[in-house]
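Chain letters run A, B, ... following the sequence lines, proteins first, then strands; residues in each count from 1.
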Amino acid sequence: MLTPEIVIQSLASGLLMGLLYGLIAVGLALIFGLMDIVNFAHGEFLMAAMYATFGLAVGFALDPLISAPVVAAALFAFGALVYLGVIRFAMRAKANIGMVQIFVTFGLAIVMRGLAQYFLTPDYRSIPNSWLGGKTVSIVGIYLPAPQLAGALVSIAAFAALFVLINRTDFGRALEATREDAGAVALVGIDKNRVFALGWGLGAALVGLAGAIMAIFFYIYPDVGASFALIAYVTVALGGFGSVFGAFLAGIIVGLVEAATAMVLPASLKSVGIYAVYLAVVFLRPRGLFGTI
Amino acid sequence: MEATAFRRRRQRDLLIAAAATVVTACLPRFLSVYAQNILILTLMYAALSQSWNILGGYCGQISLGHALYFGLGAYSTALLFTKLAVLPWFGMAAGGIIAAAVALALGYPCFRLRGHYFAIATIVIAEIGYLLFLNWDFAGAATGINIPMRTNSWATFQFPRSKLPYIYFALGFACVTWLVTYLLENSKWGYWWRAVKDNWEAAESLGVVVFHSKMAAAAVSAFFTAVGGSFYALFVSYIDPDSVMSFRFSLLMALPAVLGGIGTLWGPALGAAILIPVSELTRSYIGGTGRGIDLIVYGALVVIVALAWPEGILGLVSRLTRLVARAEPRRAPR
């Protein structure tokens, strides 16, 4: 039976999960806003971050909360390298640029999954003893899982930092300017390639942060990114392409809708609610909630 | 002069297609059962990618949800055959019609969306279909449907002893999708589709009914994709949502067209002829360890081809022929 307690309880966990979804999606939104590319390897970035966190936990006994900044920094470097090594060349395509970008990032995703399978085997892994794993926190009678609560707080902090970064720093202005007109920024002395590389780094670092937290309470395996990637695409599109903060709000909506769907439909159908809400929103507003493109 | 050159190119395409069909039809005698399997998959993907190409290539509506139509074809055939004993040929036709109807019903709201919003809507809709079939007990849910194999028969389209009939059907299927594209390419619809793809606003101002063009492309594309799904179900005689409706499949269908040359007559066949054997061979020769080396090779190949030849392999061919033509001495104009 759906008592009010159960409803509040599941909506509260939905909200926490939604904040995490926002954090997973914002990197995708950032990269898309900057250069019109949907990164189909975004889920594999998440997978890489989860494995990195797992490695640091097992190899160096670092708790995910400690290693999260390290993982984010590693993903930053990785994202920038992916741009410089692969995406930069995909941007040069003269024909079919949309399809080239889809399939270059899709190919990258397959390679990353293959590498994970080869070096780390397809086994499911989890981090054995973490500070937060399996613990719950009670707030006015609502029990919240500690890892998800930490994830939600990290997500809010990351969005706040991102807001400051975009609106108050020179790098943020360069990012916005490049987003507006990548050709013209060269005239005011902004190196387009550098901004793109940093944008990819930042996007990857954000999903890296999310991955470090997710590693606490989720199984880690080579295909783990796929299901989250789809939710991330839907979140970004729901918020509207080109809107970084649309992703924040859309993440919350997605988390709440998922929790609400799980209350009325079998658990395996919980994503249907998310997809239905996406369709309903874009049929009414073809550019998502806050989209500019 | 232009018109003759155009007619000559059309005749040449038809001749090449006829020659390729004859060569392929003679091929199976010299192939092992394993190679025949690869040939069947190659022909099937050539046809599927050609079907995808009608909507994604010619009309420019990038669908990443064609797994839905493939799955509808596979499930219609399998369900009608196993539950109601309807012969697969009727199941195939039913699957095609159902898929086309679904494509029209979905196109009505979806074709108002553009770019990535459209692509993601197609993914999401296919994913809803996948989840529904995964939970639909009548259709076997996650365990899927097993089509029991009986005797060699064209009526039930079952051939436990020989691969040849499957090869000929797949070849015929590839020929039909090619021929349909060949005919449509030069029809009113073909021109409308390319106009919609290049600049829909300009096309609309010139009297092209953009919405109807997209709907027509979607219906044709979905119909043949579902026929491919029916064939696949009968060929492997076992289907479940993962094997016929997963997202991966939507990308695999688009890939040959993209790598061969998107929106071109020969791109899908050429792409499939290269991609499918490579993917199957890497899988059986270096993927046997189950450790993903085949994935690494396949993914790297996709990245390299997409980066090196953004117009697909056909783009490379036409660039080479242009180079050769330039190298020839110019004739004085008459």
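Of all heavy-atom pairs spanning Val104(A) and Ala306(B), the tightest one is CG2-CB, 3.7 Å. Looking at every heavy atom in both residues, Leu255(B) comes nearest to Phe103(A) through CD1-CD2, 2.7 Å. The two atoms that bring Ala121(B) and Leu279(A) nearest to each other are CB-CD2, 3.9 Å, heavy atoms only. The two residues Ile296(B) and Val111(A) come nearest to each other via the heavy atoms O-CG2, 3.6 Å. For the pair His116(B) and Asp36(A), the tightest heavy-atom approach, listed with the atom from each and the gap, is NE2-O, 4.0 Å.
Within a 6.0 Å sphere centred on CZ of Arg194(A), other residues, nucleotides and ligands contribute 12 heavy atoms or fewer. Residue Arg285(A) qualifies as open at atom CZ: its count of foreign heavy atoms under 6.0 Å is 12 or below.
Side-chain contact check for Phe283(A) versus Leu113(B): some heavy-atom pair is nearer than 4.5 Å. For the pair Leu131(B) and Ser271(A), the minimum side-chain heavy-atom distance is below 4.5 Å.
Taking the six-membered ring where the residue is Trp, Tyr117(B) and Phe241(A) present perpendicular rings, their angle passing 60° and hence far from 30°.
Interface summary for chain B: among Ile274(A), Leu269(A), Leu238(A), the most heavy-atom pairs under 4.5 angstrom belong to Leu269(A). Annotation: maximal heavy-atom pairing with chain B below 4.5 Å, among Ala109(A), Ala237(A), Ala90(A), occurs at Ala237(A). Highest contact tally toward chain B, considering only Phe40(A), Tyr275(A), Tyr233(A), is held by Tyr275(A) [criterion: heavy-atom pairs under 4.5 Å]. Taking Val302(B), Leu134(B), Ile120(B), Ile128(B) one by one and counting their heavy-atom pairs under 4.5 Å with chain A, the maximum is reached by Ile120(B).
Interface residue Leu230(A): only side-chain heavy atoms are found under 4.5 Å from chain B. Looking at Phe89(A), both its backbone and its side chain come within 4.5 Å of chain B, counting heavy atoms on both sides. For a residue to count as touching a neighbouring chain, one of its non-hydrogen atoms must lie under 4.5 Å from one of that chain's; by this rule Ile123(B) touches chain A with the side chain only. Proximity to chain B involves both the backbone and the side chain of Val86(A), based on heavy atoms less than 4.5 angstrom apart. Contact annotation for Leu64(B): only side-chain heavy atoms (C-beta onward) come within less than 4.5 Å of a heavy atom of chain A. Interface remark: Ile62(B) contributes side-chain atoms only to the contact with chain A (heavy atom separation under 4.5 Å).
Residue pairs that meet the side chain to side chain donor-acceptor pair (under 3.5 Å) test with at least one member in residues 253-263 of chain A, sequence neighbours left out, are Tyr21(A)-Glu258(A).
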*Walk me through it: do Val258(B) and Ile102(A) pass the test side-chain contact (heavy atoms from CB on, under 4.5 Å)?*
CA-CA 10 Å; Val258(B) 174; Ile102(A) 289 179; over 6 Å; no
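Using non-hydrogen atoms only and a strict 4.5 Å limit, the part of residues 105-112 of chain B facing chain A consists of Pro109(B), Cys110(B), Arg112(B).
A distance of 10.5 Å separates CD of Gln101(A) from CG of Leu307(B), quoted to the nearest 0.5 Å.
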